Q: 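The structure that follows is given in the form of structure tokens.
These figures come from a predicted structure and were not determined experimentally. Both counts, for ligands and for their atoms, begin at 1 and track the order of listing.
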Amino acid sequence: MKDNQRIVVKVGTNVLTTAEGNLDLETLGNLVDQIAQLQGAGYQMLLVSSGAVGAGKSVFNFKDTGDKIASRQVYSSIGQILLIHEYYQRFREHHIFCSQVLATKEDFRGKTHYANMSHCIENLLSQGVVPVINENDVVAIDELMFTDNDELAGLMAQMVKADRLIILSNVKGIFNGAPDHPESKIISFIQAQEISSISEFIQEQTSSGGRGGMVSKFNTARKAIRKGIQVQIAHGKVPNILLRLLAGEEIGTTFVPRD
Ligand code: GLU
């Protein structure tokens, strides 16, 4: 059953950074261990990882010129190396190769770019490689930019016809009230037909490190379940989160597509 089931895992900046703003190598390593285990169990795994800008900030001091675009370019250009270097080493401990794939919105618009990207990903997967995908922050500016990596992960999941998209962030899921209110509870399951009624519970604010917030996760989930992809949103620092989700444990919020 698991053979060739495709899982796209999206990891947000806040999952991959510590409170001090450094790369959280323990969490990164744990996620790689789990992805390796799942690949060993027969799943085809793709990772959409944020954290390049955060990693760049943790090591480099950009002399502020007031140019926000330049600082994002410089930080991501430095940080992406750190990030992919860590992934490479961690995956090699499991005798798995990972690879770097950087995308802009343009790659999903034009037929040629789309076909090239899809061809590359298919070949990586068939060779047992785990693609580690991020936005190409160096050139993704204005209209070339995704809303955030949630959108990129959703597009990737659709491109590879994934069975499941798991979005790991620093929130535990979608709550039926303000997430910090003691009486708010996580909504465990959202069926495709009730998705419109859920939108009132979606909080606008975004977290400190990354660009995405619950609105974009919700929009990504809404589009993906229309294509028959199950979407799960959960806290990325929960121990063994991927293994537990795949074992069917009820953690976070699951969007259930129609059959
Ligand atoms: N691509 C950005 C990074 O790697 C993150 C974008 C987002 O927060 O969604 O830092």
Q: Would you mind telling me if ligand 1 is within reach of the side chain of N134, the backbone, both or neither, using heavy atoms under 4.0 Å?
A: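 Only the side chain of N134 comes within reach of ligand 1.
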
Q: Quick one: look at D148 and ligand 1, take heavy-atom pairs under 4.0 Å, and tell me if it's side chain, backbone, both or neither.
A: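 For D148, backbone and side-chain atoms both sit under 4.0 Å from ligand 1.
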
Q: Under a 4.0 Å N-O cut-off, is there an ion pair linking R6 with D163?
A: no

Q: Would N149 count as a polar contact of ligand 1, with the cut-off being nitrogen or oxygen pairs under 3.5 Å?
A: yes

Q: Please work out whether the ring planes of Y75 and F62 are parallel, tilted or perpendicular, with thresholds of 30° and 60°.
A: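 Judged by the thresholds at 30° and 60°, the geometry between Y75 and F62 is tilted.
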
Q: Can a donor-acceptor pair be found between the side chains of H94 and D33 at a distance below 3.5 Å?
A: yes

Q: Quick check on G51 - does any of its heavy atoms sit under 4.0 Å from an atom of ligand 1?
A: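 Heavy atoms of G51 do come under 4.0 Å of ligand 1.
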
Q: Tell me whether V53 has any N or O atom under 3.5 angstrom from an N or O of ligand 1.
A: yes

Q: Under 3.5 Å, is there a donor-acceptor pair between the S216 and D148 side chains?
A: yes

Q: Could you list which atoms of ligand 1 come closer than 4.0 Å to a heavy atom of D137?
A: 1 (N), 2 (C), 3 (C), 4 (O)

Q: So does Q193 have more than 12 non-hydrogen atoms from other groups sitting under 6.0 Å from CD?
A: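 Count over threshold, so yes.
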
Q: Report the C-alpha separation of R164 and Q5 in whole Å, then their side-chain angles, then the decisive distance to 0.1 Å, and conclude whether the side-chain hydrogen bond (donor to acceptor under 3.5 Å, both in side chains) test is met.
A: CA-CA 8 Å; R164 214 189 274 230; Q5 267 204 32; 5.4 Å; no

Q: Would you mind running through ligand 1 and noting each atom that sits below 4.0 Å from a heavy atom of S50?
A: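 Ligand 1 atoms under the 4.0 Å threshold to S50: 4 (O), 5 (C), 7 (C), 9 (O).
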
